[in-house]
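Structure, as structure tokens:
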Amino acid sequence: MRAATPSNVCVSRSRSSQLLATSNATWSLSESVSGAASRSANAIWQYLSKYTGHFQATVPFDSKVARRRGIRAEASALMPETPLPELRHTAAHVLAYAVQDLFPGAKPTIGPAIENGFYYDFDRATPFTPEDLERLEARMREIVSADYEMTGREVSRADAIATFRDNPYKVEIAEQIPEGEPITLYTIGQFTDLCRGGHAKRTGEIGALKLQSVAGAYWHGDEHNAMLQRIYGTAWHTQRELDEYLLQLEEAQRRDHRKLGTELDLFSIEEDAGGGLVFWHPKGAIVREIVEAFIREGLRERGYLPVITPHVVSERLYEISGHLENYAQNMFGPLEVENQRFRLKPMNCPGHILIYKSHLRSYRDLPLRYSEFGTVYRFERSGVLHGLTRVRGFTQDDAHLFCMPDQLQREFEQTVEEALRLLRAFRFDDFACYLSTREPLARGATDDVAETAIRNALERANLPFVVDQGGGAFYGPKLDINVRDAIGRIWQLGTVQVDFMLPERFDLTYRGSDGRDHRPVMIHRALAGSMERFFGILVEHFGGAFPVWLAPVQAVVVPIAEQQLSYARETLAQLHGAGFRAEIDESNEKLGYKIRHWKTQKVPYILVCGKQEVEDGTLNVNERGVEEKRSLSVASFIEELRSTVSSRA
RNA sequence: GCCGUCGUAGCUCAGUGGUAGAGCAUUUCCUUGGUAAGGAAAAGGCCACGGGUUCAAUCCCCGUCGACGGCUCCA
């Protein structure tokens, strides 16, 4: 026996009977001493060693042939790792099998793999209860232990329809499979499902699974269709991976901005005021003001001009902009006053456009960049509200650029620079850019200009990006920026959109050097997105432990006993004098209690003053995340704080 | 909006067909202390709201509102 050298390669079978080599696992093969066999085995791992460490190298492999030729694999290779989506898809079949056994009346519909697991939708009059899930999970484990082989066979459309004649959903799927595509049935044990394939070879490959929740979902996601019962679950190769995943979920819950918002007294949403409307408490508002100041600084440097527009305006404005026509169900209002109908502002663009239109504009004025922390209100359906990330009233770091088509390029570059500045400062190291283009039908002559501008700007900044064909807004192509937070979740922040439509609707013009009027192009851009969402993401990204420059309380002075009160107050005054956000803990509690309290509040510096410190004129500095305590003079602590804050460390 | 789960003190949660409890937080007193909870007392509740069943409802039933998990949507 001989172990393969590429130690970081794992091998899994893909559908096309090839070996799929991925990183992060151990691969080993053993072989008999027969010459032919050893040659093939050698060929395999020579190929693999070439790809050690590389993601997804494929080599032709057929387990039956290999067995016949005497190539044997060790346990890990005998049971090659199926890609997770296929494993989870298999788990969905296992779930449907269990449902068939325990709830024969429930009709299976579809059951795909999703990002962290899988779901399966069933048509059943009564919803599944948590107890049902436990029973199903137990049955699923039996099915996994039985290690059924997943066997597939191709059938005719008529056969498929006949097989599922009692299940209108499956019949519908069978009817809609395009001509020429194979129709396949897959079977494990006593359960057969209509399915296009992509499975583990055997149910036993599922090392760990868990059913998580039930939810209603519509057939085809359309609310006019029947409501189905969806069961969510997750599946992994090993119990350890499942445990890690569950731990990550727990960590996400600990960092939930709604929970931390209450614990750290950052913000609240008040039942008496209505859902989706945010009350920023002092500690949250301080952080928001710092974020705003940071953004303003960048805007000023890049030649943006501030504007401020009303929150309530006449409906007429939205008739012109077309929002009333396309967006009415998302707008608050109308409010009737003296026979005029008013609406709460759902977007800032029309207001900025009015300012543009207030003068005759020359080509010399362009590009004109209007920025506003614009508060907008959108009537979101009650079921979609979520903490700070989905609200009904929010403030965008909005700006609208009016420019000539040949200025698009430069403006995009500048916007990308600005986005990078923001992402870096707030330590979002992991982000992705999406270029969404318009549907072929909607494309105008200017789309190519805009898309090229976006592409060039991204390439110039060395940013990789993904192209989403046809995902653009109805009025033009766009660039979206998504970030991954500290625990790996993805959030959409900023969006930059090119708009050819509104300048048309509002008949915007500028006087060109030729003395004639021309149509400007508009760029809508919000880089943080909304202050509410950005703040919510920040809270989760840092787990509430804001870096010093952002922390609502940067340092707290803690006297050990009353004798040090005056010294502590003096220190506090000095910190305030130097412009820092500091507090003092004068409470009648022991040191241990105070330390605990401020640690749970995630304050970056706790400055302890006892007898010793008063004598020496120092502070005992307890820094967040640092075990070791330091003794510093007040002056040198202030110096350290100053440099930490200015470097935004 | 739809489906499901849930609404008890500021927070986290017990509990019962005979109008309520804990821990933490708050206030006061004792304690004057050396790095993640010192002790005592007080205060705090239309048990989400409205209706029904009952001699009696926080509890059972119906409705409304709200929160949460999804569907859909989006900054």
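Because only heavy atoms are used, hydrogens play no part in the values below, and waters and symmetry mates are left out as well, while side chains stay in.
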Of the options [options], whose atoms approach the side-chain atoms of [X] most closely?
X	options	value
A:Y593	B:rU26, B:rG33, B:rC73	B:rU26
A:Q229	B:rU35, B:rC3, B:rA75	B:rC3
A:K590	B:rG38, B:rA75, B:rC11	B:rG38
A:S213	B:rG66, B:rG69, B:rG33	B:rG69
A:R230	B:rG34, B:rA36, B:rC71	B:rC71
A:V384	B:rG1, B:rG33, B:rA36	B:rG1
A:T600	B:rG69, B:rU35, B:rA36	B:rA36
A:A215	B:rG69, B:rA75, B:rC11	B:rG69

Any side-chain donor-acceptor pair under 3.5 Å between [X] and [Y]?
X	Y	result
A:D121	A:Q229	no
A:W598	A:D585	yes
A:T395	A:R288	yes

Considering every strand and a 4.0 Å limit on heavy-atom distances, what is the contact class for [X]: base, sugar-phosphate, or nothing?
X	value
A:K594	nothing
A:G274	nothing
A:Q212	nothing
A:E589	base
A:I606	nothing
A:E532	nothing
A:E613	base
A:G592	sugar-phosphate
A:V558	nothing
A:N620	base
A:Y232	sugar-phosphate

Starting at [atom1] of [X] and ending at [atom2] of [N], how long is that distance when rounded to a whole Å?
X	N	atom1	atom2	answer
A:D123	B:rG4	CG	P	14 Å
A:E270	B:rG10	CD	P	12 Å
A:N330	B:rG1	CG	P	14 Å
A:Q601	B:rA25	CD	C1'	11 Å
A:H281	B:rC11	NE2	P	11 Å

Side chain of [X], base of [N]: donor and acceptor closer than 3.5 Å?
X	N	value
A:N588	B:rU32	no
A:Y218	B:rC3	no
A:E562	B:rG33	no
A:R533	B:rC74	yes

[atom1] atoms of [N] and [M], separation to the nearest Å:
N	M	atom1	result
B:rU28	B:rA43	C1'	10 Å
B:rU53	B:rA20	P	24 Å
B:rU27	B:rU35	P	25 Å
B:rA22	B:rG44	C1'	14 Å
B:rG45	B:rU8	C1'	8 Å
B:rC59	B:rU19	C1'	11 Å
B:rA57	B:rG1	C1'	32 Å
B:rC65	B:rG21	C1'	27 Å

Decide, yes or no, whether a salt bridge links [X] with [Y] under the criterion of side-chain N to carboxylate O below 4.0 Å.
X	Y	result
A:K107	A:D123	no
A:R630	A:E640	yes
A:D256	A:R254	no

Mind checking who [N] pairs with, Watson-Crick or G-U wobble, both distances under 3.5 Å?
N	result
B:rU58	none
B:rU5	B:rA67
B:rU19	none
B:rA25	none
B:rA43	none
B:rU72	none

Looking at A:E628, I'd like to know if its CD atom is crowded, meaning that more than 12 non-hydrogen atoms belonging to other residues, nucleotides or ligands lie closer than 6.0 Å.
no
Just checking A:K599: does its NZ atom have more than 12 heavy atoms from other residues, nucleotides or ligands closer to it than 6.0 angstrom?
yes
OP1 or OP2 of [N] sitting under 4.0 Å from any side-chain N/O of [X]?
X	N	answer
A:R630	B:rU35	no
A:H386	B:rG69	yes
A:R390	B:rC73	no

Which residue, A:G276 or A:R392, contacts RNA chain B at a nucleotide closer to its 5' end, judged by nearest heavy atom?
A:G276
On RNA chain B, does the nearest nucleotide to A:V214 precede the nearest nucleotide to A:G529 from the 5' side, or the other way round? Give the residue.
A:V214
Can the ring centroids of A:Y377 and A:F394 be said to lie less than 6.0 angstrom from one another?
no
So NE2 of A:H257 and CD of A:E532: to nearest 0.5 Å the spacing works out to 10.5 Å
